[in-house]
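To keep things clear, I will list the structure first and then write my remarks on it.
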Amino acid sequence: MKPLAVSMGDPAGIGLELAARVWAHKQDAPPFFLVGDPNAFARATARLGLPTAQLNVVDDAARVTTGDALCVLRTPLAMDETPGAPDPVNADATIAAISRGVDAARAGRASGLVTLPIAKAVLHTADFGFPGHTEFIAHLTKDDAFAG
């Protein structure tokens, strides 16, 4: 089974903490890799007091692996997040994480995409152009054949 791609969501929100908790209990979860900023994930893990996760950071979805280390498809933030304070400066990274997760699934590197929570108002300040990530994903995949 191919792993799920998990986009980081808004780095100032709860998404990275959710991913950290799931990774900490990975024996109960399907295999996945994170599409996001590895340093932000590490900070979320530390905030929760969870053991430091071993990370395998890659820049290309073709290099995604599964195993004892969490594979992170690097999508860097513009600046460190402040928990609870979404910042438009990181909107592009949030959008890129979704897009890169879609690309990984379309390329057959992931069995699907899980999107963690986003801050829609913040994305709209970056001229996102979609009501939310569902519509964005629909736009990215509009020309794909449905295997149905």
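Keep in mind that what you see is a predicted model, and the values were worked out from it rather than measured.
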| said: For a quick test of reading the model, state the closest non-hydrogen atom pair linking Val35 to Ala97 and the distance between them. | reply: CG1-O, 3.3 Å
| said: Let me check something: do Ile95 and Val102 share a hydrophobic cluster, defined by ILVMFWY side-chain heavy atoms less than 4.5 Å apart, either directly or through other members? | reply: yes
| said: For the CG atom on Asp28, are there more than 12 heavy atoms of other groups (residues, nucleotides or ligands in this structure) within a distance under 6.0 Å? | reply: yes
| query | Which pair of non-hydrogen atoms, one from Thr75 and one from Ala96, has the smallest distance, and what is that distance? | reply | CG2-CB, 3.7 Å
| request: Give a yes or no on whether Phe32 and Leu116 share a hydrophobic cluster (residues Ile, Leu, Val, Met, Phe, Trp, Tyr; joining criterion: side-chain heavy atoms under 4.5 Å apart). | output: yes
| remark: Rounded to the nearest 0.5 angstrom, the CG-CE distance for Asn90 and Met8 is 7.0 Å
| query | Does Glu135 offer a backbone N or O that forms a donor-acceptor pair with the side chain of His139 under 3.5 Å? | reply | no
| remark: In this structure, CG of Leu113 is separated from CD1 of Ile98 (nearest 0.5 Å) by 8.0 Å
| request: Please name the pair of heavy atoms, one in Pro38 and one in Leu55, separated by the smallest distance, quoted to 0.1 Å. | output: O-CD1, 3.8 Å
| task | Give the cluster check for Ile137 versus Val114: same hydrophobic cluster or not, with ILVMFWY residues linked at side-chain heavy-atom distances below 4.5 Å. | result | no
| Which heavy-atom pair separates Pro86 from Asp10 by the least distance, and what is that distance? | CB-OD2, 3.6 Å
| Once you round to the nearest 0.5 Å, how far does CZ of Phe33 lie from CG of Leu73? | 6.0 Å
| message | Tell me if the CG atom of Leu50 is crowded by more than 12 foreign heavy atoms within 6.0 Å. | response | yes
| Are the side chains of Cys71 and Val58 in touch, meaning some heavy atoms are under 4.5 Å apart? | yes
| Centroid-centroid under 6.0 Å between Phe41 and Trp23 rings | no
| query | Do Asn56 and Thr65 meet the criterion of a side-chain donor-acceptor pair at a distance under 3.5 Å? | reply | yes
| message | Donor-acceptor pair, distance only, cut-off 3.5 Å: does the side chain of Arg100 make one with the backbone of Arg74? | response | yes
| note | Smallest heavy-atom separation, Ala126 atom then Ala91 atom, equals CB-CB, 3.6 Å
| task | Show the numbers, then the answer: is there a salt bridge (Lys or Arg N to Asp or Glu O under 4.0 Å) between Glu81 and Arg47? | result | CA-CA 12 Å; Glu81 75 287 351; Arg47 281 192 299 273; 3.3 Å; yes
| query | Between CE of Met79 and CG of Asp37, what distance do you get to the nearest 0.5 Å? | reply | 12.5 Å
| field | Rounded distance [0.5 Å steps], CG in Leu70 versus NZ in Lys26 | value | 8.5 Å
| Minimum heavy-atom distance Pro117-Gly15, with the two atoms named | CD-CA, 4.0 Å
| note | When Ser99, Pro88, Pro11 are each screened for side chain to side chain contact (heavy atoms under 4.5 Å, CB included) with Thr94, the one that passes is Pro11
| request: Kindly assign one of parallel, tilted or perpendicular to the pair Phe128 and Phe130, based on the angle between their ring planes and the thresholds 30° and 60°. | output: perpendicular
| message | I need the Thr45 OG1 to Leu16 CG distance, nearest 0.5 Å. | response | 8.5 Å
